[in-house]
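All remarks here apply to the structure that follows.
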Amino acid sequence: MSEGTHVLVLNAGSSSVKYQLIDMLDGARLAAGLVERIGESSGRLAHTPRSGERRESFEVFPDHAAALKAVAGELAADGVGLDSPALAAIGHRVVHGGQRFTAPTLITDEVLAEVRRLIPVAPLHNPANITGIEVARALRPDLPQVAVFDTAFHATLPEYAARYAIDRETADAHRVRRYGFHGTSHQYVSRATARLLGKDPAEVNVIVLHLGNGASASAVAGGVCVETSMGLTPLEGLVMGTRSGDVDPGLVFHLHRVGGLTVDEIDSLLNRRSGLLGLCGDNDMREIMRRADEGDADARLAFDAYVHRLRKYLGAYYAVLGRVDAVAFTAGVGENAAPVRAAACAGLEELGITVDPELNSVRSGEARMISPAYARVAVAVVPTDEELEIAQQAFALVHQP
């Protein structure tokens with residue numbers, strides 16, 4: 001077992017690699033960066049060391065191996081390279097762990113084979129995650145590599161919440177159930193919200209709203225996830241940047257039979273050309289709010305539809321939990337769009353949910369309350385930190401006695 005205290009967190013996408021190097025002694029970011037446009041004619045590496053002096057390079061990265069070797073070079077230039085004895089583990093974000101992987105897992109050939117078998121239920125994400133793992137293992141075969149799964153935190157959903165009401169034999173044959181995603185964010189934010197309240201997570205019921213280009217909600221009872229908005233895929237649930245969220249399943253048959261669209265065309269429509277983008281032509285909430293303020297009817301409709309779905313889930317998850325101690329907003333929109341937070345909570349005063357306009361208008365990178373002191377339910381803005389969550393889980397696993 002390594003005596004090092006550094007964990008390198010890798011999030012490999014189909015044409016990108018995000019990374020952070022974290023010292024687990026104090027949670028300090030020793031380096032962070034992004035390699036993008038891997039496999040294209042012109043790539044970019046943006047690297048920020050602990051000093052904060054960002055470095056950029058533009059070159060061709062033919063594959064993920066070339067990208068990670070370039071990352072290794074940047075880290076070595078900072079004196080914290082992949083060969084450093086201080087490096088204890090590499091933590092990998094893996095989107096789908098199915099029903100088998102419900103906790104951080106030391107990566108072996110068998111584990112990698114099972115993650116590969118899950119590709120049919122995560123065709124856009126697991127292949128890239130696997131590539132990142134394979135390259136990292138080749139660079140440091142002696143180092144513990146840990147998979148942290150987006151689905152793991154939601155593995156505690158009761159069976160009645162995880163099951164779709166379809167034929168069980170068909171569902172089991174094709175691994176059809178509700179898995180949920182953004183789990184590392186929901187886990188981190190629910191715990192951080194409890195800390196903000198000065199309580200143990202086991203004492204607190206929290207509704208977490210992770211609102212980015214992808215968006216999801218979760219109901220967390222005493223630190224355990226009991227409901228979440230995403231399902232078999234990340235398409236279910238809230239209105240998102242380019243994803244529709246909840247629709248009548250019959251819509252798919254209608255578009256195929258009446259509209260003549262193929263299955264692939266419908267898939268593309270619901271995942272890439274729907275949500276905010278489909279309603280108003282924009283998926284950037286800042287631009288949508290600007291347009292709505294200027295009287296643009298399409299932007300106003302998109303904003304209102306987005307907020308209506310949020311309120312609908314807030315009410316539903318209140319009913320699931322029975323008692324709610326806090327509502328936590330997180331991710332890009334949740335952390336920065338005060339009008340979204342205000343509109344989502346408007347009209348919920350009878351449930352004890354209300355927002356103080358002055359507190360809500362404050363911009364800060366810190367976790368903070370935006371509800372008045374008298375509110376029965378705390379409303380908070382809690383910046384997410386998925387990389388730190390992955391690093392903590394990976395470090396804890398490799399240092400188990």
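Hydrogens, waters and symmetry mates play no part in the numbers below; they use all other heavy atoms, side chains included. Just so it is clear, the model here is predicted, and its values are computed rather than measured.
Under the 3.5 Å distance criterion, with hydrogens and angles disregarded, no donor-acceptor pair is assigned to the side chains of Ser218 and Glu227. With 3.5 Å as the limit, one finds no donor-acceptor pair spanning the side chains of Tyr374 and Asp356. Looking at Thr384 and Ser185, their side chains do bring a donor and an acceptor atom within 3.5 Å of each other. A donor atom on one side chain and an acceptor atom on the other are found under 3.5 Å apart for His186 and Ser216. Judged purely by distance below 3.5 Å, without hydrogens or angles, the side chains of Tyr164 and Glu236 pair a donor atom with an acceptor atom.
Between Ile133 and Val94, some side-chain heavy-atom pair lies under the 4.5 Å cut-off. Side-chain atoms of Leu75 and Leu21, non-hydrogen and from C-beta on, do get closer than 4.5 Å to each other. Inter-residue side-chain proximity for Leu45 and Phe58 is flagged as unmet; no heavy-atom pair is nearer than 4.5 Å. Between Met285 and Phe303 there is a side-chain heavy-atom pair separated by less than 4.5 Å. Within the 4.5 Å cutoff, the side chain of Arg177 has no heavy atoms near those of the Leu232 side chain. For the pair Arg137 and Ile107, the minimum side-chain heavy-atom distance is below 4.5 Å. Between Arg300 and Asp293 there is a side-chain heavy-atom pair separated by less than 4.5 Å. Inter-residue side-chain proximity for Leu143 and Leu87 is flagged as met; some heavy-atom pair is nearer than 4.5 Å.
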*Report the C-alpha distance between Glu110 and Arg100 in whole Å, list the side-chain angles of each, state the deciding distance to 0.1 Å, and finish with yes or no for salt bridge (Lys or Arg N to Asp or Glu O under 4.0 Å).*
CA-CA 12 Å; Glu110 181 189 359; Arg100 176 172 174 181; 3.1 Å; yes
*Going through the checks in order, is the salt bridge (Lys or Arg N to Asp or Glu O under 4.0 Å) test met by Arg311 and Asp304?*
CA-CA 10 Å; Arg311 276 202 300 265; Asp304 289 347; over 6 Å; no
*Test side-chain contact (heavy atoms from CB on, under 4.5 Å) applied to Leu10 and Leu68, step by step*: CA-CA 10 Å; Leu10 294 179; Leu68 280 178; 3.9 Å; yes
*Under the side chain to side chain donor-acceptor pair (under 3.5 Å) rule, what do Asn11 and His92 come out as? Steps first, then yes or no, please.*
CA-CA 6 Å; Asn11 180 356; His92 296 266; over 6 Å; no
_Steps toward salt bridge (Lys or Arg N to Asp or Glu O under 4.0 Å) verdict (Glu287, Arg291)_ = CA-CA 6 Å; Glu287 182 65 13; Arg291 286 172 52 191; 5.3 Å; no
*Criterion side-chain contact (heavy atoms from CB on, under 4.5 Å) on Val95 and Asn126, from CA distance to verdict*: CA-CA 6 Å; Val95 166; Asn126 272 28; 4.0 Å; yes
*side-chain contact (heavy atoms from CB on, under 4.5 Å) between Leu351 and Val377: does it pass, once the steps are laid out?*
CA-CA 8 Å; Leu351 297 179; Val377 176; over 6 Å; no
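Remark: side-chain polar atoms of Ser229 are paired, donor with acceptor, to backbone N or O of Ala217 under 3.5 angstrom. Under a 3.5 Å cut-off, the side chain of Glu36 and the backbone N or O of Gly43 do not form any donor-acceptor pair. Between the Asp325 side chain and the Asn205 main chain, a donor and an acceptor come within less than 3.5 Å of each other. Side-chain atoms of Arg243 do not come within 3.5 Å of backbone N or O of Arg272 as any donor-acceptor pair. In this structure, the side chain of Thr151 engages the main chain of Gly97 through a donor-acceptor pair within 3.5 Å. The closest donor-acceptor contact from the side chain of Arg368 to the backbone of Val382 lies at 3.5 Å or more, if one exists at all. The backbone N or O of Pro120 lies less than 3.5 Å from no partner atom in the side chain of His96, so there is not a single donor-acceptor pair. For the pair Glu335 (side chain) and Ala331 (backbone), a donor-acceptor distance under 3.5 Å is present. Side chain of His6 to main chain of Ile22: no donor-acceptor pair is present (N/O by atom type, distance under 3.5 Å, no hydrogens or angles). Listed for the Glu389 side chain is no donor-acceptor partner under 3.5 Å among the backbone atoms of Glu386.
In Glu366, the CD atom is not crowded: 12 or fewer heavy atoms of neighbouring residues, nucleotides or ligands sit closer than 6.0 Å. The neighbour count for Glu159 CD, taken as heavy atoms of other residues, nucleotides or ligands under 6.0 Å away, is above 12. Around the CZ atom of Arg323, the shell of radius 6.0 Å holds more than 12 heavy atoms that belong to other residues, nucleotides or ligands. Glu358 CD: 12 or fewer foreign heavy atoms inside a 6.0 Å radius.
The line from CG of Leu269 to CG of Asp264 is 12.5 Å long, rounded to the nearest 0.5 Å. With rounding to the nearest 0.5 angstrom, the CG atom of Leu314 is 5.0 Å from the CG atom of Leu209. Distance check: His210 NE2 to Phe329 CZ gives 13.5 Å after rounding to the nearest 0.5 Å. To the nearest 0.5 Å, the span separating CD on Gln187 from CD on Gln392 amounts to 9.5 Å. To the nearest 0.5 Å, the span separating OH on Tyr306 from CG on Leu301 amounts to 15.0 Å. Atom-to-atom distance recorded for Gln99:CD and Asp172:CG is 8.0 Å, nearest 0.5 angstrom.
Taking every heavy atom of both residues into account, His64 and Ala12 meet most closely at CD2-CB, 4.3 Å. Looking at every heavy atom in both residues, Ala31 comes nearest to His47 through CB-CE1, 3.7 Å. In terms of heavy atoms, Thr5 sits closest to Ala88 at N-CB, 4.3 Å. Of all the heavy atoms in Val208 and Val189, the pair that sits closest is CG1-CG1, 3.8 Å. In plain terms, the two heavy atoms of Leu196 and Ala380 that are nearest each other are CD2-CB, 3.8 Å. The two residues Val35 and Ala67 have their closest heavy-atom pair at CG1-CB, 3.8 Å.
Here the options are Ile90, Leu112, Val111, the test is side chain to side chain contact (heavy atoms under 4.5 Å, CB included), and the partner is Gln145; only Ile90 passes. Among Asp284, Ile288, Asp282, the one residue that satisfies the side chain to side chain contact (heavy atoms under 4.5 Å, CB included) test with Arg286 is Asp284. Considering Leu30, Leu82, Val80 as possible partners of Leu8, the one that fulfils the side chain to side chain contact (heavy atoms under 4.5 Å, CB included) test is Leu82. Each of Leu235, Thr233, Thr242, Ile266 was evaluated against Asn271; a single residue qualifies, Leu235, per the side chain to side chain contact (heavy atoms under 4.5 Å, CB included) test.
Taking the six-membered ring for Trp and the full ring otherwise, His154 and His182 have centroids separated by 6.0 Å or more.
By the 4.0 Å N-to-carboxylate-O rule, Arg116 lies too far from Glu114 to be salt-bridged with it. A salt bridge does not link Arg50 with Asp23: none of the charged nitrogens is closer than 4.0 Å to a carboxylate oxygen.
Relative ring orientation between Tyr317 and Tyr313 is described as perpendicular, the plane-to-plane angle rising above 60° on a 0-90° scale split at 30° and 60°.
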